[in-house]
Amino acid sequence: MKFDYDATYFNPADVLDCGQIFRYQPFREGFRVFSADRDCYVWTDGIKTTVETESPDYFYEFFDLDRDYSAIIRHAESFNVPVLTEACRKAKGLRLLNQNREEMIYSFIISQNNNIPRIKGIISRICEGLGRKMDSPFGDFYAFPYSAALAQKEPEYYKSLGAGYRDIFITDTSRRIAAEGIERLEGLPYDELRRELLTYKGIGPKVADCICLFGFGKRDAFPVDTWIEKLYHEDFGGTLTDRNKINAYFTSLFGEFSGYVQQYLFYAKRANL
């Protein structure tokens, strides 16, 4: 099944290349995107963006297509921050994804102190080694494995796949989630969810914020990484050096729109706006 959306507010390249997702690849005229045990093909002609998939409801929610991003952009511009206004103008097609929660927990554990090609490679090898093989009109692929499957392996297995010191984090966290589930995390407000995520081995403040924002849909989260810290000093004239305090500065400034603003600012810094 195919469905279309206004390309002004849905640019696949901007959505996929802003650090919130690692399971996608160039395909035909656009991209093939994977989430949990599903996939889709997404492309744009500049006027409309088309999604083709056997899971239309899933990917309509995944790409957050019920939300009016023109209103979000107007609100972001109302803060009158020049770099943010410019980013909103140039990245109107950027959207926040609603991704599988467990997949995001492991993806961002793997992401810490890592680069995107290596992150994508490690995740791909984990899927191939432990995920179910899935049929698709676009070719077979491997699903992201359940925590129970991840928990069966020793740290050495993940080290052999390139995870490095993160091997023990994947093992410990998967065994905890396999035993406890994550249902108790559902519905928690951002501050409480962040606090709970920090109790998992290998999850620090930045990783917790990414999981909150990209996995649990907490749009008041504001991950602070090297790019955002640089932007804080150069574009906001900030003097703080503690990332927790920088996070508090931004969340107090942008409130419930923090997550959207973070992505626009992240785009701006990487694009040298």
Side-chain angles (χ1 to χ4, degrees), residues 5-27 30-35 40 42-44 46 49 51 59 61-65 67 69-70 72-73 75-77 81 83-101 103-105 107-108 110-121 123 206-232 234-235 243 246-247 250-251 254 257-273:
Y5 198 86
D6 179 2
T8 304
Y9 297 103
F10 185 9
N11 182 325
D14 286 347
V15 171
L16 299 173
D17 189 33
C18 62
Q20 61 178 320
I21 183 172
F22 305 108
R23 291 180 66 212
Y24 68 94
Q25 60 192 38
F27 184 72
F31 302 91
R32 191 175 177 192
V33 180
F34 309 93
S35 177
C40 75
V42 58
W43 73 97
T44 186
T49 293
V51 179
F59 280 102
E61 168 66 15
F62 180 86
F63 288 115
D64 206 31
L65 298 180
R67 204 175 307 273
Y69 275 69
S70 65
I72 290 169
I73 287 173
H75 188 84
E77 291 174 336
V81 176
V83 67
L84 176 57
T85 300
E86 182 69 3
C88 288
R89 187 177 69 82
K90 293 190 174 180
K92 287 182 180 178
L94 198 158
R95 308 183 74 85
L96 288 178
L97 301 175
N98 296 307
Q99 301 186 70
N100 179 271
R101 290 172 163 87
E103 183 172 338
M104 289 300 95
I105 289 172
S107 294
F108 281 100
I110 292 166
S111 77
Q112 58 189 292
N113 300 315
N114 216 339
N115 61 62
I116 289 178
R118 286 194 70 239
I119 298 165
K120 293 176 73 172
I123 293 173
K206 183 256 183 177
V207 168
D209 278 322
C210 287
I211 295 167
C212 285
L213 181 56
F214 305 129
F216 286 83
K218 301 302 177 185
R219 301 318 196 209
D220 45 350
F222 196 105
V224 177
D225 66 352
T226 301
W227 291 102
I228 293 295
E229 187 174 9
K230 180 179 173 67
L231 180 139
Y232 164 75
E234 294 180 354
D235 296 276
R243 287 189 178 182
I246 295 172
N247 166 274
F250 280 121
T251 54
F254 297 118
F257 287 85
S258 292
Y260 302 106
V261 170
Q262 194 270 357
Q263 283 290 274
Y264 292 127
L265 292 177
F266 182 78
Y267 174 96
K269 207 60 192 172
R270 291 181 70 207
N272 291 315
L273 297 184

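Between the CD atom in Glu103 and the CZ atom in Phe22 there is a gap of 10.5 Å [rounded to 0.5 Å]. Ser35 OG to Ile21 CD1: the interatomic distance, rounded to the nearest 0.5 Å, is 6.5 Å. Going from atom NZ of Lys92 over to atom NZ of Lys90 covers 12.5 Å, rounded to the nearest 0.5 Å. Summarising the geometry, atom CZ belonging to Arg32 is positioned 14.0 Å from atom CG belonging to Leu16; distances are rounded to the nearest 0.5 Å. Atom CD of residue Gln99 and atom CG of residue Leu213 lie 9.5 Å apart, to the nearest 0.5 angstrom. Note that NZ of Lys230 is 9.0 Å distant from CG of Asp235, once rounded to the nearest 0.5 Å.
For the side chain to side chain contact (heavy atoms under 4.5 Å, CB included) with Arg95, the qualifying choice from Leu65, Asn11, Ile72 is Leu65, the only one to do so.
Under a 3.5 Å cut-off, the side chain of Asn98 and the backbone N or O of Glu61 do form a donor-acceptor pair. Side-chain atoms of Gln20 come within 3.5 Å of backbone atoms of Leu97 as a donor-acceptor pair (strictly under, hydrogens ignored).
Contact annotation: the side chain of Cys18 never approaches that of Tyr267 to less than 4.5 Å [non-hydrogen atoms, C-beta and beyond]. Looking at Phe250 and Val261, their side chains never come closer than 4.5 Å, going by heavy atoms from C-beta outward. Here the side chains of Lys206 and Gln112 are not in contact, with every heavy-atom distance at 4.5 Å or above. Using a 4.5 Å heavy-atom threshold, the side chains of Cys40 and Phe63 count as touching. Counting heavy atoms from C-beta outward, Phe222 and Leu265 have side chains that approach closer than 4.5 Å.
Annotation: ring-ring contact (aromatic ring centres under 6.0 Å, His included) contacts of Phe62 (sequence neighbours excluded): Phe59. Residues passing the ring-ring contact (aromatic ring centres under 6.0 Å, His included) test with Tyr69, sequence neighbours excluded: Tyr260. With sequence neighbours excluded, the residues satisfying ring-ring contact (aromatic ring centres under 6.0 Å, His included) with Phe214 are Phe108. With sequence neighbours left out, the salt bridge (Lys or Arg N to Asp or Glu O under 4.0 Å) criterion links Arg89 to Glu86.
Using the six-membered ring where Trp is involved, Phe10 and Tyr5 have ring planes that are perpendicular, over 60° apart on the 30 and 60° scheme. The aromatic rings of His75 and Phe257 sit parallel, their planes meeting at an angle under 30°, below the 60° perpendicular limit.
Of all non-hydrogen atoms in Phe266 and Gly19, the two that sit nearest each other are CE2-N, 4.3 Å. When every heavy atom of Gln262 is checked against every heavy atom of Pro223, the shortest pair comes out as NE2-O, 3.0 Å. Between Tyr264 and Ala91 the shortest heavy-atom distance is CE2-O, 3.5 Å. What you find for Thr44 and Ala7 is that their closest heavy atoms are OG1-CB, 3.5 Å. For the pair Ala221 and Cys212, the tightest heavy-atom approach, listed with the atom from each and the gap, is CB-CB, 4.0 Å.
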Arg243 vs Thr226, test: side chain to side chain contact (heavy atoms under 4.5 Å, CB included). Steps then yes/no. CA-CA 10 Å; Arg243 287 189 178 182; Thr226 301; 3.4 Å; yes
Does the pair Trp43 and Thr49 meet the rule for a side chain to side chain contact (heavy atoms under 4.5 Å, CB included), with working shown? CA-CA 6 Å; Trp43 73 97; Thr49 293; over 6 Å; no
As a quick check of understanding, evaluate side chain to side chain contact (heavy atoms under 4.5 Å, CB included) for Tyr24 and Val15, giving each step before the final call. CA-CA 11 Å; Tyr24 68 94; Val15 171; over 6 Å; no
Check step by step if side chain to side chain contact (heavy atoms under 4.5 Å, CB included) holds for Phe34 and Ile123. CA-CA 11 Å; Phe34 309 93; Ile123 293 173; over 6 Å; no
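Sorted by first and then second residue, the salt bridge (charged side-chain N to carboxylate O under 4.0 Å, His left out) pairs with a member in residues 6-18 read Asp17-Arg270; sequence neighbours excluded. Annotation: salt bridge (charged side-chain N to carboxylate O under 4.0 Å, His left out) contacts involving residues 211-221, sequence neighbours excluded, comprise Asp64-Arg219.
With a 6.0 Å cutoff to the six-membered ring centre and a 45° limit on the axis angle, Lys269 does not count as a cation-pi contact of Tyr232.
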